[in-house]
Every structure is written in C-alpha cells, then in structure tokens.
> 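Below you will find the structure I want to go over with you.
Here the structure is a predicted model, which means the values were calculated and not measured.
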Amino acid sequence: MNTKKYTSLSQIQSLINQNKLSCVDLAHYYLNQIQDNKHLNAILEVFDKELLAKASAVDSKLKNGTAGRLAGMFLAIKDNICYKGHKVSASSKIIENYEAIYTATALQRLLDEDVIIIGRCNCDEFAMGASNENSAFGPVKNAADQTKVPGGSSGGSAVAVQADLCLAALGSDTGGSIRQPAAFTGTIGLKPTYGRISRNGLLAYASSFDQIGPITSSVEDAALLTEIMAGKDDHDATSSAEPVTKYVFNNSVKYKVAFSKEAMESKGLEPEIRSAYLSVINRLKKEGHEVVEVSFPYLDYMVPCYYVLTTAEASSNLSRYSGILYGQRSKDAVDIDSTFKKSRSEGFGDEVKRRIMTGTFVLSADFYEAYYSKAQRVRRLIQNESKKIVNTYDFFLCPTTPSVAFDIGGEKSKDPIQMYLADIFTVQASLAGLPAISVPVKHQNKMPIGMHLMGSAFQEDKLLNIAQMIANYA
Ligand code: GLN
C-alpha cells in the first residue's frame with residue numbers, strides 16, 4: 001500500500017499546472033513531514049532557511065514560463081555530495097563541520113533545472129556499510145519497521161523517499177549502496193554505468209566503483225534524474241562521452257532475461273525472497289519475455305574481490321583526512337606524527353579504520369601480489385563473464401538482497417563478514433562497471449523486497465524500461 005502523497009514529478013507538475021499546488025505549499029508539506037519523522041534520523045540537516053525563498057523563486061519562474069524541467073521536485077542529497085556553502089560530512093566526525101567549496105557536477109545539472117534541495121541525508125561513514133549503523137550520527141530507522149535497518153550506505157536517502165520527506169534523493173553506490181537500501185525500503189534505486197555520471201564533487205570511497213544515482217518512488221523520476229545528471233564532465237576524466245539518450249518507455253518490447261541459477265539455489269536466500277524471485281520470473285514469462293536460467297560461476301568470489309579492491313582504494317583516498325588540510329585536528333597533537341595519528345584515531349569510526357587497515361595491508365609490498373594484483377585479475381574475469389551474459393541476454397535478474405531488512409544492532413551488526421555478505425548480489429554490477437537497478441516487488445510480509453536487474457553498459461534506457469514493467473506488477 002502506498003501512503004505517499006506525491007509519487008512522481010509528473011503528478012506534482014500536473015497539480016501545479018491546475019493551480020492546485022505551488023512549490024511553497026510543497027516546501028511546507030515536506031518540512032512538516034520531516035518534523036513528524038525526526039525519529040527516523042534520515043536527514044542530518046534540513047536546509048530550511050533557504051527552502052521557502054527557493055520555492056517562491058521557482059513559483060515565480062513557473063508563472064512566467066521560465067522554469068526548468070525539475071520545477072516542483074524536492075530532492076534530498078546523501079551527505080557525501082558537495083553542495084557549495086553547505087556542510088558535507090560523509091557522516092563522519094573527522095569532517096563534521098566541513099563546508100563544500102563547490103557543487104558536485106551531477107547536482108549542479110539538477111539545480112540548473114530548478115530542483116530544490118531539502119537537506120543532507122544520514123549515511124554510513126564514508127559510504128562504508130550496508131545498514132547505516134556506521135554513521136557517526138546514529139543509525140537510520142526503516143519507516144516500515146523502526147527496529148529494522150534501512151540498508152546502507154545511502155540509508156538516509158532511501159528512508160527520506162520511503163517516508164515522503166522529499167520526492168527523490170541522491171545516493172552513491174560503490175557496491176550496492178543505492179540498490180540495497182532501495183530494496184529494504186520499497187523504493188527504486190539505480191546505479192548507472194561506471195562513467196555515466198560525473199563523480200566530481202562526490203567524496204571518494206573507491207574511485208573505480210563509485211557512482212552517484214537516484215532513489216525515487218517512480219521509475220520515470222529515476223529516468224529523468226539520470227538523464228539530466230548523465231554525460232561528459234571535464235572535471236572527471238572517468239566520465240564518459242557516450243551520448244545521453246532521452247529515456248522513453250515502451251511496454252510492448254519483449255526481452256531476453258537471464259536469471260541466476262546460483263542465486264536461486266543459494267542456501268542464504270530467505271524463502272520469501274526466493275518465492276518473490278520465482279513470481280517475477282513466472283510473470284515475465286507470462287508476459288511473453290524469454291526467461292532463461294544462466295549459471296554465473298563466480299558468485300563466491302565476488303564479495304572477497306570487492307573488499308580487497310575497495311579497501312585498497314579507500315586506504316589511498318582517505319589518506320587526505322590527515323588533520324592538516326581538512327576537518328578535525330586532535331587537540332592533543334604536538335607534532336606532525338601525532339597530528340596524523342591522533343586526528344585519524346579520534347576522527348574515524350571503527351569500520352572506516354578496519355577498511356583503511358585492510359586496504360593498507362593488501363597494498364603492502366609483501367602482500368600486493370597475493371591480494372591486490374590477484375583481485376584485479378579476478379575482477380577482469382567477473383567483468384568478462386558478466387558482459388557475456390548481458391550481451392547474450394538483455395538483462396541478468398537476481399534478488400537485490402538475500403534477506404529482507406534485518407534488526408538494528410542484531411547479529412549482522414556484530415559480524416563484519418556477515419554484513420559484507422549482504423552485498424552478494426549487488427557487487428557484481430559494481431565490479432563489472434555495468435548499470436543495475438532495484439525495483440520493489442510484491443511481498444507477503446511487512447518488509448519490502450527488491451529485484452535486481454543488471455544490463456549492458458550505457459543502456460540505462462532499456463534497464464529503466466523493464467524496471468517500469470516490473471514495478472507495474474507490484
Ligand atoms: N555495503 C557495501 C560496502 O560496505 C557497499 C557500500 C557502497 O556501495 N558505498 O562497501
């Protein structure tokens with residue numbers, strides 16, 4: 001049951017056109033929603049001072065016909081995306097009071113179309129986590145059941161959309177951080193192809209994986225946001241010049257869909273997820289798509305490979321938080337050594353420290369060949385095999401997660417390996433650099449379930465098209 005008042009920008013814009021709604025009304029509506037849902041801890045800072053002025057400026061533009069394509073959209077951003085003049089802390093104490101000095105390219109493109117930013121969302125510290133429990137500012141609660149996690153690391157962004165605190169949100173996804181929280185909250189989450197959206201202004205976790213992407217209530221909004229954010233950016237050498245197409249929906253296309261034999265047979269898959277998976281497969285067949293079981297032999301190698309490579313990249317990326325250039329410096333620092341050691345020891349949380357140490361270890365001279373180099377080669381195998389599947393079929397279908405949202409402070413939270421395995425199905429697209437989306441499907445019990453589709457590079461349009469079909473099954 002959808003209790004959200006607004007679920008798509010087209011719905012909002014049509015109300016605006018009929019003079020039944022204004023951006024100022026919407027600003028008040030969302031501010032009230034945020035006030036009523038503070039206990040969820042989804043939003044760390046609401047940009048309330050500027051919100052009404054911005055809303056009334058967009059209302060004026062709407063009146064005189066100069067408004068951009070996103071007029072009427074209220075967007076929350078993950079606390080690792082730079083917005084000039086606003087704090088960006090990566091939910092970490094080490095840069096708690098850091099203020100962005102420029103705006104991320106992806107965000108600027110949305111601002112140029114008159115999106116209104118409502119605030120910054122809680123997340124796992126430096127986007128490392130799968131439950132949002134690694135935030136220095138406390139866990140986020142799942143709005144469907146407050147004893148459950150919302151997923152991570154973009155948990156605040158997902159709950160902001162789930163609880164109707166904004167129309168859409170931006171997250172970042174390195175190994176599943178948009179898709180897994182989307183699955184746990186019944187929202188739509190898209191991780192674009194690596195290079196589709198500029199990373200300029202996104203605080204780096206693992207640069208060869210990180211992508212910004214949307215979390216929304218409708219597939220059409222995910223398409224619109226992606227289309228506007230996508231495209232070459234001179235400030236990010238890894239952004240692609242591949243042309244951006246306008247995303248159009250066509251529900252009469254029939255696709256070839258591969259589904260994962262290993263996921264279906266996996267012992268770790270909760271029965272209710274398996275049955276949701278089977279229902280989607282059967283429904284796709286009934287609708288005339290060709291659905292085929294395919295074996296992907298590297299399932300067990302993906303999580304270890306992902307964690308070797310991402311911790312290596314993180315250990316390098318996070319070395320800039322030294323207590324000198326950015327953020328917090330320990331009060332007990334007396335010389336250069338103690339500045340580094342004490343500022344980092346006091347400023348970073350446990351999971352971030354664990355990953356910096358793991359990454360430093362896998363990159364160290366004695367172990368580089370055994371871990372980092374080998375993981376790079378495994379990544380290549382995973383990439384080749386994944387590309388083969390999406391070249392033979394249109395999509396690779398999996399559940400987004402092996403379980404529904406788990407307990408805050410439960411078993412997984414005490415065991416990092418268990419927590420890392422929550423990413424088993426999402427890391428494949430990240431290792432392969434391919435686009436993937438999580439779509440909510442019918443579920444018997446209270447907690448939402450998401451299905452995961454991975455497609456060919458730069459074919460977000462196809463991915464969104466099938467996502468729309470599956471979203472309509474729910
Ligand atoms: N849960 C994964 C991790 O902890 C994914 C995080 C992400 O995509 N940023 O690394």
> Using a distance-only test with no angle check, is there a side-chain donor-acceptor pair under 3.5 angstrom linking Thr401 and Gln180?
no

> Hey, is the main chain of Met447 close enough, under 3.5 Å, to the side chain of Asn445 for a donor-acceptor pair?
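It does not hold such a pair.
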
> Taking the inter-plane angle between the rings of Tyr30 and Phe74 on a 0 to 90° scale, is it parallel (under 30°), tilted (30 to 60°) or perpendicular (over 60°)?
tilted

> Please determine whether the number of non-hydrogen atoms from other residues, nucleotides or ligands lying under 6.0 Å from atom NZ of Lys84 exceeds 12.
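Open.
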
> Check the side chains of Ser198 and Asp233 for a donor-acceptor pair under 3.5 angstrom, ignoring hydrogens and angles.
yes

> Check whether more than 12 heavy atoms from other residues, nucleotides or ligands sit under 6.0 Å from atom CG of Asn64, and answer yes or no.
yes

> Ignoring hydrogens and geometry, is there a side-chain-to-backbone donor-acceptor pair from Glu242 to Phe458 under 3.5 Å?
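No; judged by distance alone, with no hydrogens or angles, the pair does not exist.
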
> Any non-hydrogen side-chain atom of Gln418 less than 4.5 Å from a side-chain atom of Glu411?
no

> Crowded around Asp350 CG? As in, over 12 foreign heavy atoms under 6.0 Å?
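Counting other residues, nucleotides and ligands, CG of Asp350 stays at 12 neighbours or fewer.
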
> Between the main-chain N or O of Ile43 and the side-chain N or O of Lys38, is there a donor-acceptor pair closer than 3.5 Å?
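No, the answer is negative, given that no donor and acceptor are paired below the 3.5 Å cut-off.
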
> List the steps, then state whether side chain to side chain contact (heavy atoms under 4.5 Å, CB included) holds for Asp112 with Gln108.
CA-CA 6 Å; Asp112 292 344; Gln108 189 57 53; 2.9 Å; yes

> What is the minimum heavy-atom distance between Asp114 and Thr66, and which atoms define it?
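Result for this residue pair: OD2-O, 4.3 Å.
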
> Do the side chain of Arg344 and the main chain of Tyr321 share a donor and acceptor less than 3.5 angstrom apart?
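Yes; at least one donor-acceptor contact below 3.5 Å.
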
> Mind checking whether Phe348 and Leu318 have side chains closer than 4.5 Å, heavy atoms only?
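Yes, at least one pair of side-chain atoms sits under 4.5 Å.
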
> Decide side chain to side chain contact (heavy atoms under 4.5 Å, CB included) for Leu284 and Met469; before the verdict, give the C-alpha distance in whole Å, the side-chain angles of both, and the deciding distance to 0.1 Å.
CA-CA 9 Å; Leu284 284 165; Met469 297 176 188; 5.8 Å; no

> Sub-3.5 Å donor-acceptor pair from the side chain of Asp173 to the main-chain atoms of Gln211, do we have one?
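It does not hold such a pair.
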
> Can you tell whether the side chains of Glu96 and Lys93 come within less than 4.0 Å, N to carboxylate O?
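Salt bridge absent between Glu96 and Lys93.
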
> For the residue pair Ser131 and Lys412, establish whether any side-chain heavy-atom pair is separated by less than 4.5 Å.
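No, too far: nothing below the 4.5 Å cut-off.
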
> So, Glu460 versus Thr226: side-chain donor-acceptor pair below 3.5 Å or not?
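On atom types as modelled, these side chains do not qualify, holding no pair under 3.5 Å.
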
> Got Asp407 and Lys148 here, is their nearest side-chain heavy-atom distance under 4.5 Å?
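With C-beta onward as the side chain, the pair touches.
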
> Quick one: does any side-chain atom of Asp124 pair with a main-chain N or O of Ala127 as donor and acceptor, under 3.5 Å?
no

> How about Asn17 and Gln13: does a side-chain donor come under 3.5 Å of a side-chain acceptor?
no

> Working to the nearest 0.5 angstrom, can you tell me the gap between Leu75 CG and Leu170 CG?
4.5 Å

> What's the separation between atom CG in Asn32 and atom CG in Leu165, rounded to the nearest 0.5 Å?
11.5 Å

> Got a salt bridge between Asp210 and Arg199, using NZ or NE/NH1/NH2 to carboxylate O under 4.0 Å?
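Not counted as a salt bridge, because no side-chain N and carboxylate O are separated by less than 4.0 Å.
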
> When you check the side-chain N and O atoms of His86 and Glu50, is any donor under 3.5 Å from an acceptor?
yes

> Quiz question: by atom type and distance under 3.5 Å, do the side chains of Asp221 and Ser8 form a donor-acceptor pair?
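Note: Asp221 and Ser8 side chains miss the donor-acceptor criterion.
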
> Quick one: does any side-chain atom of Glu313 pair with a main-chain N or O of Ser207 as donor and acceptor, under 3.5 Å?
yes

> Pick one: which of Ser135, Ser89, Ser92 meets side-chain hydrogen bond (donor to acceptor under 3.5 Å, both in side chains) with Glu125?
Ser92

> Look up atom OG1 in Thr187 and atom CD1 in Ile215, then write down how far apart they are to the nearest 0.5 Å.
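One gets 5.5 Å once the value is rounded to the nearest 0.5 Å.
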
> Taking the side chain from Ser154 and the backbone from Gly171, do they hold a donor-acceptor pair closer than 3.5 Å?
no

> Let me confirm one number: the CG-OG1 distance from Leu224 to Thr216, rounded to the nearest 0.5 Å.
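The OG1 atom of Thr216 is 10.0 Å from CG of Leu224, to the nearest 0.5 Å.
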
> Is there side-chain contact between Leu44 and Ser91, with at least one heavy-atom pair below 4.5 Å?
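They are in contact (side-chain heavy atoms under 4.5 Å apart), so the answer is yes.
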
> Out of curiosity, Ile273 CD1 to Cys398 SG, how far, rounded to the nearest 0.5 Å?
11.5 Å

> Identify the heavy atoms of Tyr205 and Arg355 that sit nearest to each other, and give their distance.
OH-NH1, 2.6 Å

> Answer yes if the side chains of Asn282 and Ser279 hold a donor-acceptor pair under 3.5 Å, and no otherwise.
no

> Indicate the atoms forming the closest heavy-atom contact of Asn134 with Met128, along with that distance.
ND2-O, 2.8 Å

> Would you say the side chain of Ile81 lies within less than 4.5 Å of the side chain of Ser172, judging by non-hydrogen atoms?
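No, side chains not in contact.
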
> Side chain of Asn132, backbone of Asn142: donor and acceptor closer than 3.5 Å?
no

> Shortest non-hydrogen contact from Ile188 to Ser218?
CD1-C, 3.6 Å

> Compute whether any side-chain donor of one residue and acceptor of the other, for Asn200 and Thr105, lie under 3.5 angstrom apart.
yes

> Please confirm whether the backbone N or O of Ala457 pairs with a side-chain atom of Tyr194, one donor and one acceptor, at under 3.5 Å?
no

> Please find the pair of heavy atoms, one from Leu167 and one from Thr7, that lie closest to each other, and give the distance.
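Shortest heavy-atom contact: CD1-C, 3.9 Å.
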
> Is any NZ, NE, NH1 or NH2 atom of the basic residue among Lys5 and Asp164 found under 4.0 Å from an Asp or Glu carboxylate oxygen of the other?
no

> State, without any angle test, whether Ser157 and Lys78 hold a side-chain donor-acceptor pair at a distance under 3.5 Å.
no

> Flag the pair Arg109 and Glu113 as a salt bridge only when some basic side-chain nitrogen lies within less than 4.0 angstrom of an acidic carboxylate oxygen.
no

> Apply side chain to side chain contact (heavy atoms under 4.5 Å, CB included) to the pair Leu464 and Asp461, showing each step before the final yes or no.
CA-CA 5 Å; Leu464 287 154; Asp461 49 352; 5.7 Å; no

> Is the closest side-chain heavy-atom distance between Leu453 and Val439 below 4.5 Å?
yes

> Would you check, one step at a time, whether the test side chain to side chain contact (heavy atoms under 4.5 Å, CB included) holds for Tyr473 with Lys442?
CA-CA 8 Å; Tyr473 301 163; Lys442 265 205 198 101; 5.8 Å; no

> Heavy atoms only: give me the nearest Gly189-Arg179 pair and the separation to one decimal.
O-CG, 3.8 Å

> Hey, can you tell me if Phe395 and Tyr255 have their rings parallel, tilted or perpendicular (30° and 60° cut-offs)?
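It falls in the perpendicular class, over 60°.
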
> With a 4.5 Å cut-off on side-chain heavy atoms, are Phe209 and Tyr306 touching?
yes

> In terms of side-chain heavy atoms, does Gln459 have a donor or acceptor partner in Asp394 at a distance below 3.5 Å?
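Checked: Gln459/Asp394 side chains show no N/O donor-acceptor pair below 3.5 Å.
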
> Rounded at 0.5 Å granularity, tell me how far SG in Cys123 sits from CG in Asp79.
5.0 Å

